[in-house]
Q: 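Input: one structure, supplied below.
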Amino acid sequence: MMLARGGLTLWLRVGIGFVPTLGEDVVISEAERWPTELRLLNGAMVMDGGSLVLHAVDQDDARVEFSLDWSIQSQREGTTQFYVNGRLVPRGSPEEARWLSLLGGAVPKPRNPRPASKDGASSSDGVIVAEDAAAYWNAIEQGPASALVHLATRFVTLISSSAYQEGCAPVPPQAPQNRVRSLVMEGKRMEAIKAYREAHPDVGIVAAGSAVKALGAEMEQAMRRGRIVTRIPVEELWTDDGVLAATRLRTLDRVAIRDLLRRGPVRFVVADVGHDLRWIPPAERFDFWKRDGEIHFALTKEVHLDDLPDGMAYLASEWTVAGDEAPVLLLEVYH
């Protein structure tokens with residue numbers, strides 16, 4: 001059941017699990033610009049345990065969507081997570097602190113303002129809700145502006161809490177084919193066949209065994225050609241056409257990567273043991289960095305992998321390739 005008033009929503013939803021959604025008109029990019037102020041337009045609390053959503057615009061009227069997965073399941077598993085524009089914000093990061101500061105100073109500007117209830121009566125009489133939902137409903141009764149401030153304050157309070165900060169980022173499920181490859185690489189043939197059949201329920205055990213055997217042969221042949229990463233750090237780069245005349249120049253931090261992205265085209269390549277080098281198409285460089293590269297980025301191998309999504313870290317370095325003006329940004333995977 002959903003109750004809505006003046007742009008504020010109370011979602012009475014039974015169940016667990018919360019997936020933040022992102023509208024096509026959300027265009028803000030942290031790598032390119034930061035808001036200096038926020039105006040809160042509308043928001044909601046989801047009755048899955050208390051997940052939150054806030055929609056805002058910055059000083060240039062660019063839309064910003066905040067969401068906090070505070071579902072019962074996420075609280076139990078310690079995987080509650082803060083997202084901005086659908087992108088995971090690392091715990092305890094400077095980015096998180098900056099967003100919380102902006103939320104703390106955000107100005108409520110509901111699109112459909114209405115006066116507060118004059119008689120103090122609540123239309124939720126007779127509905128039993130949790131304490132956090134009751135507080136939100138009471139704030140709604142004081143008007144949309146009050147409710148928006150309440151939601152923004154609760155965002156800051158929950159994300160700053162030890163319960164959130166001591167949690168870990170949700171681990172995305174491993175792609176079926178990647179899981180099969182990993183098992184083949186580890187010599188776990190029977191587990192690989194089982195994983196293959198889970199990904200292809202219509203395939204029998206004999207056919208699955210043949211497919212895994214063929215994959216193993218392909219990987220072995222590719223390794224002989226030097227087309228699979230066998231160790232980190234890598235000593236050379238290659239494509240399907242062969243080894244490149246490439247030279248490692250320097251280790252990169254976030255500032256250096258953003259500077260290179262602003263200057264012009266770059267080529268990202270990912271090196272992961274057991275896999276071929278993964279070259280990212282230049283046209284996808286910004287999206288790849290925002291949605292994958294940056295959230296796994298680390299400065300040293302001593303980083304706590306449990307603090308990063310799926311326990312994986314990227315260490316970045318800049319390479320130059322003879323005859324190619326575009327710098328190559330190598331991201332080496334540490335598990």
Q: Take atom CZ of Arg231 as the centre, draw a 6.0 Å sphere, and report whether it contains more than 12 heavy atoms from other residues, nucleotides or ligands.
A: no
Q: Any donor-acceptor pair under 3.5 Å linking the side-chain atoms of Trp238 with those of Asp276?
A: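 A donor-acceptor contact under 3.5 Å links the two side chains.
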Q: Give a yes or no on whether the backbone of Pro282 and the side-chain of Arg285 come within a donor-acceptor separation of less than 3.5 Å.
A: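 Answer holds: yes.
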Q: Could you walk me through whether Asp287 and Trp289 pass the side chain to side chain contact (heavy atoms under 4.5 Å, CB included) check?
A: CA-CA 6 Å; Asp287 185 66; Trp289 174 244; over 6 Å; no
Q: Looking at side-chain heavy atoms only, is the closest gap between Leu41 and Val57 below 4.5 Å?
A: yes
Q: Side chains of Leu52 and Leu158, heavy atoms from C-beta outward: is any pair under 4.5 Å?
A: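 Leu52 vs Leu158: side chains touch.
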Q: Is any side-chain heavy atom of Pro110 less than 4.5 Å from a side-chain heavy atom of Asn42?
A: no
Q: Could you tell me whether a side-chain N or O of Asp48 sits under 3.5 Å from a main-chain N or O of Ser51, the two making a donor and an acceptor?
A: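 Judged by distance alone, yes, a pair lies under 3.5 Å.
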Q: Within the 4.5 Å heavy-atom criterion, are Leu252 and Leu329 side-chain neighbours or not?
A: yes
Q: Answer yes or no: is there an ion pair linking Glu186 with Arg181, defined by an N-O contact shorter than 4.0 Å?
A: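 No.
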Q: Does Asp259 come within less than 4.0 Å of Arg254, counting only side-chain N to carboxylate O?
A: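 No.
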Q: Taking NZ, NE, NH1 and NH2 as the nitrogens, is one of them in Glu325 or Arg263 under 4.0 Å from a carboxylate oxygen of the other?
A: no
Q: Side chains of Tyr164 and Gln75: closer than 4.5 Å at any heavy-atom pair?
A: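 Of all side-chain heavy-atom pairs linking Gln75 with Tyr164, none is under 4.5 Å.
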Q: Counting only heavy atoms from other residues, nucleotides and ligands, does the tally under 6.0 Å from CD1 of Ile205 exceed 12?
A: no
Q: For Trp70, does its backbone N or O pair with a side-chain atom of Ser74 as donor and acceptor, under 3.5 Å?
A: no
Q: Ring-plane angle category for Phe66 and Phe155, please: parallel below 30°, perpendicular beyond 60°, tilted otherwise.
A: perpendicular
Q: Let me see the working for Val270 and Asp292 under side chain to side chain contact (heavy atoms under 4.5 Å, CB included), right down to the final yes or no.
A: CA-CA 11 Å; Val270 178; Asp292 185 5; 5.7 Å; no
Q: Among Phe288, Phe286, Trp319, find the residue that satisfies the ring-ring contact (aromatic ring centres under 6.0 Å, His included) test when tested with Phe268.
A: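 Option passing the ring-ring contact (aromatic ring centres under 6.0 Å, His included) with Phe268: Phe288.
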Q: Establish, from distance only, whether the side-chain atoms of Arg39 and Gln59 form a donor-acceptor pair under 3.5 Å.
A: no
Q: Distance-only, no hydrogens or angles: does the Glu318 side chain make a donor-acceptor pair with backbone N or O of Val328 under 3.5 Å?
A: no
Q: Salt-bridge test for Asp58 and Arg63: reply yes if a basic N is under 4.0 Å from a carboxylate O, no otherwise.
A: no
Q: Is the closest side-chain heavy-atom distance between Leu38 and Val107 below 4.5 Å?
A: no
Q: So, Thr80 and Asp69: side-chain donor and acceptor under 3.5 Å apart, yes or no?
A: no
Q: Mark yes or no: Arg91 above the aromatic ring of Phe82, with NZ or CZ under 6.0 Å from the six-membered ring centre and no more than 45 degrees from the axis.
A: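 Checked: cation-pi criterion not met.
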Q: Can Arg248 and Glu236 be counted as an ion pair, charged N to O under 4.0 angstrom?
A: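 Salt bridge flag = no for Glu236 with Arg248.
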